[in-house]
Amino acid sequence: MAKYKHLVPPQDGSKITVKSGSLVVPNDPIIPYIEGDGTGPDIWKASVRVFDAAVRKVFGGSKRVVWMEVLAGEKAFQRTGEWLPEDTLKAIREYVVAIKGPLTTPVGGGIRSLNVALRQVLDLYACVRPVRYFQGVASPVKEPSKLNVVIFRENTEDVYAGIEWKAKSKEAVEVIQYLNKKRKTDIRADSGIGIKPMSAFNSKRLVRRAIQFALDKKRRSVTLVHKGNIMKFTEGAFKEWGYELAAKEFKGRVVTEDEVGRKHGGKAPEGMVVIKDRIADSMFQQVLLRPNEYDVIATPNLNGDYLSDACAAQVGGLGMAPGSNIGDKAAVFEATHGTAPKYANLDKINPGSVILSGCMMFEHLGWDGVSTAIQAAISKAIDQKTVTYDLARGMQDAREVKCSEFGDAIIRNL
């Protein structure tokens with residue numbers, strides 16, 4: 001067992017372990033949680049009550065979660081002087097699965113983003129964001145139910161690797177001088193400079209996880225989204241590496257979109273996942289005009305960030321958008337929205353993002369019945385028009401309730 005400086009592990013509960021790449025989940029798993037900054041405490045209080053009630057409902061007391069608070073963000077800084085204590089990283093490594101609320105970005109130097117730091121330090125290379133519609137939620141599009149996608153976003157590379165230099169800094173000047181002189185470029189001397197690394201290893205493991213998910217969940221297709229027409233050796237390489245991986249490791253289980261047209265009369269063989277690709281800017285139009293043609297999406301980091309938020313906007317916004325960051329040795333499930341500090345401690349914000357992230361977590365544990373029960377209860381609460389302000393403002397005759405009361409409504413409907 002890891003030794004902690006600031007944390008005290010629970011006296012009961014058991015550890016989740018990983019064996020041959022698969023989780024071994026006990027009946028009383030210890031799961032670390034970070035309640036988050038700003039509205040995080042309000043959201044977590046509502047969410048954890050829903051989680052515990054759903055587990056009791058589904059398993060009748062034979063299974064339970066033992067929660068273990070770990071620190072990150074403002075609470076961690078106040079208590080330990082660190083924004084992301086080593087204790088927290090140790091705990092997530094030791095207990096394998098964790099869940100978190102939104103975290104603030106520290107002002108000034110040091111950590112640029114706590115969320116990015118968690119993903120990179122723990123090698124949580126796949127950001128997975130399912131986007132689906134709950135009937136009754138206000139939407140800016142006519143047929144939001146046509147959109148039902150799961151986005152796999154590479155988490156560790158691209159511009160989010162954080163390799164950049166300020167304009168006119170020594171490093172920026174040196175890089176610009178080298179490129180202009182040695183590579184015959186024409187970069188202005190007052191430019192900031194950034195590096196965009198994308199590797200075959202990281203791209204392929206992301207696509208591998210996306211394809212395996214599609215096969216496991218009987219999804220129809222995996223679309224590689226990239227800007228390879230312009231950035232041929234980064235984004236374009238992502239596409240090529242994706243196709244290479246699919247052909248080599250999933251032979252007989254996948255078929256390319258081109259092969260469907262040339263060899264199969266335009267119809268994919270039964271049980272096979274179609275692999276296709278789209279240019280990133282075109283994809284934004286596609287998910288609006290032809291959303292039902294897309295299923296699982298695999299994308300580099302920046303494209304995935306934009307695309308997942310744009311898709312979420314079609315189905316009710318980030319308040320109903322869950323997310324997770326998954327690696328081979330650990331996983332952290334999270335709210336995809338920010339901290340909304342002006343609403344802190346007002347018991348106002350929609351807890352849906354954390355609750356639905358918890359649904360993803362339970363599916364990751366193999367407790368699918370808990371996820372199904374919670375999602376059905378959320379649907380009933382929305383159908384009853386008992387919702388938080390963000391959903392109520394787009395619905396006729398809705399009863400606007402507090403964050404905690406929305407949690408109560410979900411529990412009543414379990």
Side-chain angles (χ1 to χ4, degrees), residues 31-57 65 67-79 98-105 114-115 134 136-138 312-313 315-323 333-362 370-371 373-414:
I31 297 182
Y33 72 91
I34 300 167
E35 65 176 10
D37 296 324
T39 58
D42 282 347
I43 293 170
W44 176 252
K45 288 172 189 173
S47 299
V48 73
R49 290 191 299 108
V50 171
F51 298 153
D52 288 340
V55 171
R56 284 194 301 271
K57 178 72 174 179
V65 174
W67 300 104
M68 173 185 177
E69 184 175 14
V70 297
L71 304 176
E74 293 173 344
K75 193 171 185 179
F77 189 74
Q78 291 167 2
R79 293 191 183 182
I99 188 168
K100 61 177 281 295
L103 291 174
T104 191
T105 298
L114 293 171
N115 293 321
F134 284 87
V137 173
V315 299
L318 293 179
M320 297 296 290
F333 297 82
E334 66 172 357
T336 59
H337 55 70
T339 58
K342 71 177 182 178
Y343 294 119
N345 303 312
L346 297 183
D347 194 19
K348 184 178 180 70
I349 290 291
N350 185 351
S353 184
V354 169
I355 293 174
L356 289 170
S357 297
C359 290
M360 293 181 69
M361 181 189 73
F362 287 120
V370 179
S371 174
I374 293 173
Q375 292 188 64
I378 291 173
S379 293
K380 289 179 183 177
I382 293 171
D383 189 55
Q384 294 159 357
K385 297 188 176 183
T386 304
V387 292
T388 47
Y389 84 98
D390 58 314
L391 301 181
R393 62 189 175 190
M395 299 168 65
Q396 286 189 344
D397 304 320
R399 182 168 74 90
E400 181 180 322
V401 296
K402 297 177 180 179
C403 172
S404 58
E405 292 170 337
F406 189 49
D408 294 336
I410 295 169
I411 291 169
R412 283 196 303 271
N413 284 306
L414 282 170

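- Side-chain N or O atoms of T39 include one that pairs as donor or acceptor with a backbone N or O of T339 at under 3.5 Å.
- The shortest side-chain heavy-atom distance between H337 and D390 does not fall under the 4.5 Å cut-off.
- Here the side chain of S404 pairs no donor or acceptor atom with the backbone of A46 at under 3.5 angstrom.
- No side-chain donor-acceptor contact under 3.5 Å links D37 to the backbone of L103.
- The shortest non-hydrogen separation linking K385 to Q396 is NZ-O, 2.8 Å.
- A perpendicular orientation is assigned to the rings of Y33 and W67, their planes being inclined by more than 60° (bins at 30° and 60°).
- The shortest non-hydrogen separation linking L318 to A312 is CD2-CB, 4.0 Å.
- E35 pairs by the salt bridge (charged side-chain N to carboxylate O under 4.0 Å, His left out) definition with K75, not counting sequence neighbours.
- Side-chain atoms of N350 do not come within 3.5 Å of backbone N or O of T388 as any donor-acceptor pair.
- Closest of all the heavy-atom pairs between I355 and I410 is CD1-CD1, 3.7 Å.
- Not one N or O on the side chain of T386 forms a donor-acceptor pair closer than 3.5 Å with the backbone of R399.
- Of all heavy-atom pairs between A138 and G394, the closest is CB-O, 3.2 Å.
- In this structure a side-chain-to-backbone donor-acceptor pair under 3.5 Å is present from S353 to T336.
- Salt-bridge check for D408 with K402: failed, with every basic side-chain N at 4.0 Å or more from each acidic carboxylate O.
- The minimum heavy-atom distance linking L414 with A54 is given by the pair CD1-N, 3.7 Å.
- Of the charged side-chain nitrogens involved, none lies within less than 4.0 Å of a carboxylate oxygen, so that R412 and E405 do not count as a salt-bridged pair.
- The two residues C359 and Q375 make their nearest non-hydrogen contact at SG-CG, 3.8 Å.
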